[in-house]
Protein chains: 4
Amino acid sequence: MPSRPRSQAQDPDEAARAARAEWRSRQLLDAAARLMERDGFHGVSMQALAEEASVSVGLIYRYFGGKDDLLLAVIVDVLEAFATRVPSAVEEAGNDPVERIAAAFRAYCDVIDEHRHAAVLTYRESRTLGSEGRNKIKSMEIDTSEPLRAAIRDGASSGLLIAVDTELVAHDLLLMAHGWALKHWYLEQTLRFDDYVTKQTALVLNAIVEPQHRPHYRHLLATH
Amino acid sequence: MPSRPRSQAQDPDEAARAARAEWRSRQLLDAAARLMERDGFHGVSMQALAEEASVSVGLIYRYFGGKDDLLLAVIVDVLEAFATRVPSAVEEAGNDPVERIAAAFRAYCDVIDEHRHAAVLTYRESRTLGSEGRNKIKSMEIDTSEPLRAAIRDGASSGLLIAVDTELVAHDLLLMAHGWALKHWYLEQTLRFDDYVTKQTALVLNAIVEPQHRPHYRHLLATH
Amino acid sequence: MPSRPRSQAQDPDEAARAARAEWRSRQLLDAAARLMERDGFHGVSMQALAEEASVSVGLIYRYFGGKDDLLLAVIVDVLEAFATRVPSAVEEAGNDPVERIAAAFRAYCDVIDEHRHAAVLTYRESRTLGSEGRNKIKSMEIDTSEPLRAAIRDGASSGLLIAVDTELVAHDLLLMAHGWALKHWYLEQTLRFDDYVTKQTALVLNAIVEPQHRPHYRHLLATH
Amino acid sequence: MPSRPRSQAQDPDEAARAARAEWRSRQLLDAAARLMERDGFHGVSMQALAEEASVSVGLIYRYFGGKDDLLLAVIVDVLEAFATRVPSAVEEAGNDPVERIAAAFRAYCDVIDEHRHAAVLTYRESRTLGSEGRNKIKSMEIDTSEPLRAAIRDGASSGLLIAVDTELVAHDLLLMAHGWALKHWYLEQTLRFDDYVTKQTALVLNAIVEPQHRPHYRHLLATH
DNA sequence: TATGAATGAGGCTTCATTCAT
DNA sequence: GATGAATGAAGCCTCATTCAT
């Protein structure tokens, strides 16, 4: 509780300031994600960013350490959304491992669809970051995908799934989720977001659910 | 008879020149792919590129129009490898659609593993290209993946596969093939290349082959 | 009332900014003219220009689009001086066509002497400009010399001048005016600026004024 | 007589070689003048020059010391034409100073019209040359214009001309001659070369010939 | 003589970052 | 907090010149 020690008389002020800072950060993060997705990290200048966010160049440096830092923040922003949304989605799905896998996958896809601009940056611009940032991202990626891997492990050990390589299946699901953003220009020609998720879920579960349990997951295996 | 000698006497000269040019292009393309994969397109300076390839900066411009052009060439180089290798692999696989799918996927993976440096650039740096280059790549991607889609269509119409969305399955297979390069830093911890291909093949076929035909493809569905 | 204050309260700010910009432009234009006359357009690097103007390289690009643009601006600067000074000089000379011709010529020479550095650029570096810039200059040249041509036409139609080719005489006068800058290294050995103008005026008028009217223009025809 | 000592048996060889060298120089000089007039000295690369002259880059360096040297040679080429053609034209004009002035002017104009490409370079690119080359040109300019100045001085001392500043009139005539090349883009709209020379001759002579002698030079003073 | 592949210094330009206001 | 003018390092590219063949 680091906020308490601060004097109470200043709380209102501080709260207002914090709110303002929060608002500014969000404003900048969104502008950055939008522009970077369109033009790539290096295609966006700080001046362009300032204009897009309707602030001055100088102000950006009050909220972020620099351009690299901003990129990292944009990426972390998405990863934090994963960290928030995936576990709760898994929880809500109940105790069935297969349901949890499906829920996790859908949650991933939801976040990516909402942050389509920023999601691709993980793949595209990670080389831009220094090793420090890269390591942070790598470990966050691993952390945020843990619920998914746990569900797969549970499914396997409980006999609901055939013997599978947990890491590989998790990797595939994450790849498919990101695929929606990476190849959006192509996929959007034939699929709506919801169809993409439903079909991919069915495809993967069809591959890994024990045949004898499939009837039970008819609602996940059917695609229409 | 000045024209006769020309067609033969000068051929050696021209041939030698062409060979040298070919050699230089390859040298530069390889150096570019290597460096760009490590540091990203924007992280590589022409100076650094020249040093890596052991030539002078100026010489690069004799073979490529500029940095963008070089990036495009690197990417096209991989796509051309797809265009060469995938169809022949499919052909050699015989007439069975399932075998053809597996062969196509393996060929994709082979090329990507051989060009791991360059393969990721398609995903990472496509925004860097102008729309002209981007369109060229898009159409090459679609062209080179046609054999795969054809095999999937054949499999579906012949009843070997369950009803699937051809585009989506093709997209998934391509994504998985590229996944080996994109997440190589992570995957190599637990998998060798051959295992990756074998397991992914099994996973996908398990999802799409009609249950009654699975026994026939035991060699593709088993992972060890 | 946010709009009212703006129109007045912010004027000072805007005015100050505009004044600063004006000052910078002049500073750069002068430095550019000075250097380019000495070393030629291509002999002047942006680095050298920045040093001469005591600013950083980058700042030049805030005020001018690039090196070409700067050259164009320098040239246009002289042409604008013509456009301002020649007509008023002609006006002040009264209604006599011959007086107006003499006044126009002197005004041309004055401007060229004041911008001796820049004046030669019109002749020397026009090929450097793109066709767009070249056309702009051509049309400004024609526009700014119109008062002179008009005076010549008036003189001819009123019988004060012998029959002359208006275009040619105008061309000659402009050439002579620029000659002071073009061959300054040679002319300054024997002539002061004022003598140059006086003598050239006498020479030309002697060639074109109707003999019977010459006595009336004794003050222009005598050279000492 | 440095050519004699050389063995006589080799003379044919040497002659052939010299002829070839002469031909090459001419070929290069012409190509250079052509290109430089169109694109300016700095707008022409040695590669472009080689192509225009249908030789290799390397060969240019066998005939000229470098690019600057070539520019100097192009300019000197024109000045040498002046040195050759003007005196003989003056000679042929007889002893009358006025006729000699007119002949000199026409000779100047002829050479300039024939070398229109190169003639402008004297004005445009002289700053490009080092001081050595510039001095050479300056002194050649002064030398080649001496016949003109001599004729003017003669005319003045013999009473055929009114009192004039010899240097200035010579300067004007040279300027007018070059004017044909400098403003060719504009003048060609209304004048043919011959008209230009005739009219300018008439204009200048009208300004400097003693009125009482004018009838005698009716053929030079009339413009049609 | 003649070629043209190769070099590399130097130029123009961009843009992340700073700092006085 | 906020601005934006100013900085200057670093990048891409050109092109005069050389030299092995």
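Within every chain, numbering begins at 1; the chains are lettered A, B, ... in the order of the sequence lines, protein sequences first and strands thereafter. Please read these numbers as outputs of a predicted model, since none were measured by experiment.
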Between [X] ([atom1]) and [N] ([atom2]), how many Å, whole number?
X	N	atom1	atom2	value
E51(A)	dG4(F)	CD	C1'	12 Å
K67(D)	dT14(F)	NZ	C1'	11 Å
L49(C)	dT7(F)	CG	P	13 Å
D68(C)	dC12(E)	CG	C1'	10 Å
L59(C)	dA9(F)	CG	C1'	16 Å
Y61(C)	dA16(E)	OH	P	17 Å
F64(C)	dT14(E)	CZ	C1'	18 Å
I60(C)	dA5(F)	CD1	C1'	15 Å

- Whom does dA20(F) pair with, Watson-Crick or G-U wobble, provided both distances fall under 3.5 Å?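 In the structure as shown, dA20(F) has dT3(E) as its Watson-Crick or wobble partner.
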
- Query: With both distances under 3.5 Å as the test, what is the Watson-Crick or G-U wobble partner of dG11(E)?
  - Reply: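 Base-paired to dC12(F).
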
[X] side chain near [N] phosphate (N/O to OP1/OP2, under 4.0 Å):
X	N	value
R24(D)	dA2(E)	yes
Y63(D)	dA2(E)	yes
S56(C)	dT7(F)	yes
R62(C)	dG4(F)	no
R20(C)	dA6(F)	yes

- Could you say whether G66(B) or V57(D) is positioned toward the 5' end of DNA chain F, judged by the nucleotide with the nearest heavy atom to each?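 Comparing both residues, the 5'-ward one is G66(B).
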
- Item | F64(D) CZ to R24(D) CZ distance, which is reported to the nearest 0.5 Å |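 Here the interatomic distance stands at 12.0 Å.
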
- Message: Under 4.0 Å, heavy atoms only, any strand: does M46(B) hit a base, just the sugar-phosphate, or nothing?
- Response: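 Sugar-phosphate: the residue M46(B), judged by heavy atoms under 4.0 Å, touches backbone atoms but no base.
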
- Query: Can you tell if the side chain of I137(D) reaches within under 4.5 Å of the side chain of L72(D), non-hydrogen atoms only?
  - Reply: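 Contact flag for I137(D)/L72(D) side chains = yes.
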
- If you check the R17(B) side chain, which of dT3(E), dG11(E), dA5(E) turns out closest?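 Out of dT3(E), dG11(E), dA5(E), the nucleotide with an atom closest to R17(B)'s side chain is dA5(E).
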
- Message: For L35(D) versus A48(D), what's the shortest heavy-atom pair and its separation?
- Response: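 In terms of heavy atoms, the two residues are closest at CD2-O, 3.8 Å.
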
- Message: Check this for me: does any side-chain nitrogen of one of D77(A) and R26(A) sit under 4.0 Å from a carboxylate oxygen of the other?
- Response: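 Judged by the 4.0 Å cut-off on N to carboxylate O distance, D77(A) and R26(A) do form a salt bridge.
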
- Can a donor-acceptor pair under 3.5 Å be found between the side-chain atoms of Q47(A) and the base atoms of dA16(E)?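 Indeed, a donor on one side and an acceptor on the other fall under 3.5 Å apart.
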
- Message: Judged by each residue's nearest nucleotide on DNA chain E, which is more toward the 5′ side, S45(A) or S54(B)?
- Response: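 Counting from the 5' end, the first nearest nucleotide belongs to S54(B).
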
- Sort out for me which residue in R124(B), M36(B), R127(B) forms a side-chain contact (heavy atoms from CB on, under 4.5 Å) with F41(B).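 Answer to the side-chain contact (heavy atoms from CB on, under 4.5 Å) test with F41(B) among R124(B), M36(B), R127(B): M36(B).
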
